[in-house]
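Working notes for the structure below.
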Amino acid sequence: MDNRKRQPSSSSAGSLVFWSSSLPRQAARVLIVEALPPGWSDTCSVLCDALDNFLSLACSLDGPCRIPLLSLYAISRQPECLLPFVQVRGNLARLRSCVEELRSIPGESCIKSAAKGGDLLRQAVLDSLQQFKQFIRHTSTGNQACSNASVTVVTSQPGRSLIHQLESGLKGADLVPLRRLLVVQIVGTNDWSQDSHSPEATVTEDSLMLGTEVDLQQVENSVFAMEMVLKAWLQEQGGDREHLHLLLPSPSDSPLPVCVKCDMLERLISPALVPSTPSLGVKTESVRDFLPAVKGPGNQSPTPQRLRVIKVLHADGVCESVLYGLPLVIRPTTCWQLDWDEMETNNSLFHALCQTLRNQDLFLLLRVEPDKKSSAGGSGVCSHYVLQPSPSVSLLLKPVASRELLLPCSLPVSNQDPSPNAMNSIQPGPSSRVRATVAPLPSASRPALHFVSSGRRAPAPPLQEDDGGDDCLILQ
């Protein structure tokens with residue numbers, strides 16, 4: 001695959017477009033799996049299936065390198081390096097054979113002492129860091145790829161006690177290349193349902209003993225939950241500099257705008273980055289990308305796409321972050337081949353559907369009906385869409401990202417106002433400052449912001465009805 005760097009754009013809009021192609025240096029990844037009884041017999045197939053699915057995606061990803069190096073250790077009778085540091089991209093066959101080797105470890109013939117397991121885990125961590133330093137030292141381009149490593153330990157033991165064992169065992173060791181140590185505790189399905197866990201809850205603490213960041217993450221014993229743990233490796237591991245400055249208008253008592261500093265987080269992998277598996281997502285650049293491919297003469301009209309409604313969704317329960325691509329406006333057809341009665345009936349049905357969804361605040365989940373002629377040899381992967389109502393007699397169709405493309409996103413839910421005074425008793429609190437800056441802004445009286453302009457001249461003349469109006473927002 002072509003991994004050459006793209007030329008940066010001179011405009012601010014261009015820098016946003018190419019933001020994902022200029023990822024900072026990612027850490028090398030070390031995965032240490034505790035294959036110890038009694039938990040290994042319950043977690044083996046789940047972890048190996050999730051690992052196989054994840055590697056299939058990671059190896060085929062186009063664009064910038066997200067996982068420069070990967071190493072895998074298994075702890076059974078002794079620490080065993082199943083995979084020394086290798087590049088992920090283009091190594092799917094070798095990585096899959098490693099997963100099968102991990103799957104073949106028996107669950108009953110291993111050590112049963114937790115203390116002994118903790119000592120073996122310490123050995124695995126130190127050995128992985130030593131191998132990483134040797135790899136960087138003997139690779140001419142190693143320092144350009146990555147300069148530190150992140151270690152992930154997967155266990156079914158109580159996570160906090162394991163962290164304490166690691167802190168005691170690694171105290172005084174050379175951990176210079178270690179950026180982060182993550183302990184992932186797989187919780188049984190029964191125990192998970194009895195406790196109230198967040199699907200991606202992570203407890204982070206800076207270890208005073210180790211001088212590095214130590215995290216504990218508890219996940220359900222399911223393939224999807226483990227996939228999300230591994231997919232976090234694909235996200236940008238930033239932190240050295242914020243991504244975004246959100247500038248609010250200047251308050252009355254200051255000439256400077258209020259600056260809110262933010263980070264960006266990718267919620268899904270773009271289907272365009274998985275060219276080898278086009279069925280994972282659909283292109284949305286035009287209507288013709290949506291319609292079925294025409295097999296035959298070039299002047300033949302494509303057959304209508306068939307979407308089957310499979311579920312009703314409440315509008316407030318749909319997460320916008322799993323929708324992607326360019327939306328399509330759906331309206332009743334005006335095709336001349338329909339007779340008048342059929343068109344009238346179709347219009348009535350469309351109006352009724354719009355009204356029902358709008359009045360009940362509902363969306364529809366749709367699935368593409370497979371082509372009967374090619375369904376026997378199809379891949380079995382279906383495209384899904386969300387259909388949502390609008391104030392007008394029209395619907396909006398948006399593609400839904402498949403499970404394979406989703407990335408983890410754990411965001412706190414705040415049910416309380418920020419502290420009334422975050423700094424001191426003289427300056428106003430954050431809520432008062434934000435309200436004071438937002439209040440003078442002009443508001444859009446119309447239901448949709450379809451008057452936003454890029455500031456560049458379009459080939460067509462501007463709409464006269466929008467000139468000078470408060471709804472015409474110009475992005476400079």
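Values below: every heavy atom of this structure, side chains too, minus hydrogens, waters and symmetry copies.
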Between [atom1] on residue [X] and [atom2] on residue [Y], distance to nearest 0.5 Å:
{"X": "Arg306", "Y": "Leu366", "atom1": "CZ", "atom2": "CG", "result": "13.0 Å"}
{"X": "Leu83", "Y": "Cys98", "atom1": "CG", "atom2": "SG", "result": "4.5 Å"}
{"X": "Leu365", "Y": "Arg308", "atom1": "CG", "atom2": "CZ", "result": "13.0 Å"}
{"X": "Asp361", "Y": "Thr356", "atom1": "CG", "atom2": "OG1", "result": "13.0 Å"}
{"X": "Asp316", "Y": "Cys319", "atom1": "CG", "atom2": "SG", "result": "12.0 Å"}
{"X": "Asn346", "Y": "Ser348", "atom1": "CG", "atom2": "OG", "result": "8.5 Å"}

Do [X] and [Y] pair up side chain to side chain, a donor and an acceptor below 3.5 Å, judged on atom types alone?
{"X": "Ser150", "Y": "Arg180", "result": "no"}
{"X": "Gln235", "Y": "Glu266", "result": "no"}
{"X": "Gln360", "Y": "His314", "result": "no"}

Report yes if some heavy atom in the side chain of [X] is under 4.5 Å from a heavy atom in the side chain of [Y]; otherwise report no.
{"X": "Glu34", "Y": "Gln157", "result": "yes"}
{"X": "Leu244", "Y": "Met264", "result": "yes"}
{"X": "Val153", "Y": "Val184", "result": "no"}
{"X": "Pro271", "Y": "Leu405", "result": "yes"}
{"X": "Val154", "Y": "Leu31", "result": "yes"}
{"X": "Leu61", "Y": "Arg66", "result": "yes"}
{"X": "Val187", "Y": "Asn221", "result": "no"}
{"X": "Leu307", "Y": "Arg367", "result": "no"}

Heavy-atom closest contact ([X] atom, [Y] atom, distance):
{"X": "Asn347", "Y": "Pro332", "result": "OD1-CB, 3.1 Å"}
{"X": "Pro389", "Y": "Cys354", "result": "CB-O, 4.2 Å"}
{"X": "Lys231", "Y": "Arg403", "result": "NZ-O, 2.9 Å"}
{"X": "Leu95", "Y": "Val88", "result": "CD1-O, 4.0 Å"}
{"X": "Ile163", "Y": "Leu216", "result": "CD1-CB, 3.8 Å"}
{"X": "Lys398", "Y": "Pro327", "result": "CG-CB, 3.9 Å"}

Side chain to side chain contact (heavy atoms under 4.5 Å, CB included) against Glu344, all qualifying residues, sequence neighbours excluded: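 With neighbours one apart ignored, the set is Trp340.
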Residues in side chain to side chain contact (heavy atoms under 4.5 Å, CB included) contact with Leu353, at least two apart in sequence or another chain: Leu357, Leu364, Leu395
Pair Val30-Thr152, side-chain contact (heavy atoms from CB on, under 4.5 Å): steps then yes or no: CA-CA 6 Å; Val30 179; Thr152 300; over 6 Å; no
Sidechain-backbone polar pair: Asn91 side chain, Arg94 backbone, donor-acceptor under 3.5 Å: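 Absent.
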Ser156 (side chain) donor-acceptor with Ile186 (main chain) under 3.5 angstrom: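 No, because the side chain of Ser156 does not come within donor-acceptor range (under 3.5 Å) of the backbone of Ile186.
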Test side-chain contact (heavy atoms from CB on, under 4.5 Å) applied to Val33 and Leu72, step by step: CA-CA 8 Å; Val33 179; Leu72 175 61; 4.1 Å; yes
Do any side-chain atoms of residues 42-59 form donor-acceptor pairs under 3.5 angstrom with protein atoms, and if so which ones, sequence neighbours left out?
{"residue": "Thr43", "atom": "OG1", "partner": "Gly39", "partner atom": "O", "Å": "3.2"}
{"residue": "Asp49", "atom": "OD1", "partner": "Arg103", "partner atom": "NH1", "Å": "3.0"}
{"residue": "Asp49", "atom": "OD1", "partner": "Arg103", "partner atom": "NH2", "Å": "3.2"}
{"residue": "Asp52", "atom": "OD1", "partner": "Arg96", "partner atom": "NE", "Å": "3.3"}
{"residue": "Asn53", "atom": "ND2", "partner": "Asp49", "partner atom": "O", "Å": "3.3"}
{"residue": "Asn53", "atom": "ND2", "partner": "Glu227", "partner atom": "OE2", "Å": "2.8"}
{"residue": "Ser56", "atom": "OG", "partner": "Asp52", "partner atom": "O", "Å": "2.8"}
{"residue": "Ser56", "atom": "OG", "partner": "Arg96", "partner atom": "NH2", "Å": "2.7"}

Glu320 and Arg267 ion-paired at < 4.0 Å: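 Result for this pair is no, no salt bridge flagged.
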Chi angles and distances behind the side-chain contact (heavy atoms from CB on, under 4.5 Å) call for Val151, Arg29: CA-CA 6 Å; Val151 177; Arg29 296 291 174 175; over 6 Å; no
Verdict with supporting geometry, Leu328 and Tyr385, side-chain contact (heavy atoms from CB on, under 4.5 Å): CA-CA 11 Å; Leu328 294 173; Tyr385 295 84; over 6 Å; no
More than 12 heavy atoms from other groups under 6.0 Å of NE2 on His245: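 For His245, atom NE2 is crowded (more than 12 foreign heavy atoms under 6.0 Å).
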